2 protein chains.
Amino acid sequence: MLGSLHDEGAARLSNKTYTISDLAREFGVTTRTIRFYEEKGMISPLREGQKRLFTPSDRVRIKLILRGKRIGLSLKECIEVIDMYDPQHNNTDQLHSLIDTIDSRRQTLQQQQRDIDDMLANLDQIKALCERSLSSYIAPDQGTSNRKKI
Amino acid sequence: MLGSLHDEGAARLSNKTYTISDLAREFGVTTRTIRFYEEKGMISPLREGQKRLFTPSDRVRIKLILRGKRIGLSLKECIEVIDMYDPQHNNTDQLHSLIDTIDSRRQTLQQQQRDIDDMLANLDQIKALCERSLSSYIAPDQGTSNRKKI
DNA sequence: GTACAGATTTACGTTAACGTAAACGGAAAT
DNA sequence: ATTTCCGTTTACGTTAACGTAAATCTGTAC
């Protein structure tokens, strides 16, 4: 399997499991959300009778899904990224195509980095203007455009 | 107005305008999208009879909307950010509250930066594994886990 | 036993961000 | 004059990602 990342102490042979509300609480989502992810085939928890039993691996997948969402990926894109961890390799073509996918995903991420940097810089500017405006604050006043500081 | 950014050559007193398809083409979106943004009050192009006339300011707003979208903001969040450029200040409380908003938005952006960095690092790992797997490729083979390089 | 807290399935509802189609207006080219 | 190209309005359709409600099961506390 090309080396499964995220085993989180594979040595411990961890057979720990989580309930659905454990994970919901940990990640600040509803149980509905987690069931929805299962419906979509994004996770496949075990069953103990009727109840779901989540493994550490399920837990990591959820974590990765939420990381994806934080940067604006759709759920579909989230699984695309996650599936890269466990490639159906064996095949040279597939490996090459995976590399292409990775490169393209990287482009997007780098564009996002630039966008975030830009936006942060803008926020800094605005904040600075706010603070200058506050420091020189005396009384309510209109047009501040080209007015010199008092 | 606390100093309007993005005048893009305010000195030139630019009265250039754009048609809807100009901007659609430039930004790679449909005209429907632009009209939709107007419906939502995100831009307010002039009219020449019935037709829309977009100013450089409209153009910048669209640009900022799309930047927001690229990092996963909703349209509502996009205008929240854009509106920071043109605060209804005059009021100390409002300025303080704007600063809070900025700080909170910054937190989110920084979390996104971390998420992107993490994801990029993961992609690098996966790619490296792919390439190692390709370089030692001889014939279709199963378990590569702990196998030494040939 | 039964009440109660959690878990499950089923299924309809909701919001966002457009897509898409229909029907029409005005100017320019043929 | 009529086709051809924008452009416009109106309006219904669509997908994603859950929310929410109702009915059922189930193990544990009392």
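Reminder, nothing fancy here: chain letters follow the sequence lines and each chain counts from 1. Source: prediction; values computed, not measured.
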**Study point:** Salt bridge present between B:D115 and A:R67 (N-O < 4.0 angstrom)
**Key:** no

Point to revise | Where B:L53 and B:D58 come nearest, the two heavy atoms and their spacing | key: O-OD2, 4.0 Å

Check your understanding: Given D:dC6, D:dT9, C:dT9, which nucleotide is nearest the side-chain atoms of B:S21?
Key -> D:dC6

Point to revise | Pair B:R47 + B:E38, salt bridge at N-O below 4.0 Å | key: yes

Review point. Hey, are B:R59 and B:D22 close enough for a salt bridge, meaning a charged N less than 4.0 Å from a carboxylate O?
Key: no

Exercise for review: Indicate yes or no: does B:R106 engage A:D124 in a salt bridge with an N to O separation below 4.0 Å.
Suggested key: yes

Revision key, fill the gap. Whether each nucleotide of nucleotides 12-26 of chain C has a protein heavy atom under 4.0 Å at its base (B), only at its sugar-phosphate (S) or at neither (-) is summarised, 5' to 3', as -----BBBB------

**Study point:** The single option from B:Q113, B:M119, B:Q111, B:R114 passing side-chain contact (heavy atoms from CB on, under 4.5 Å) against A:I71
**Key:** B:M119

Exercise for review: Establish, with yes or no, whether the OP1 or OP2 oxygen of C:dT8 is under 4.0 angstrom from a side-chain nitrogen or oxygen of A:R52.
Suggested key: yes

Review point. Could you state the CG-C1' distance from B:L53 to D:dT8, rounded to the nearest angstrom?
Key: 14 Å

Exercise for review: To the nearest Å, give me how far apart CG (A:L46) and P (C:dT8) are.
Suggested key: 13 Å

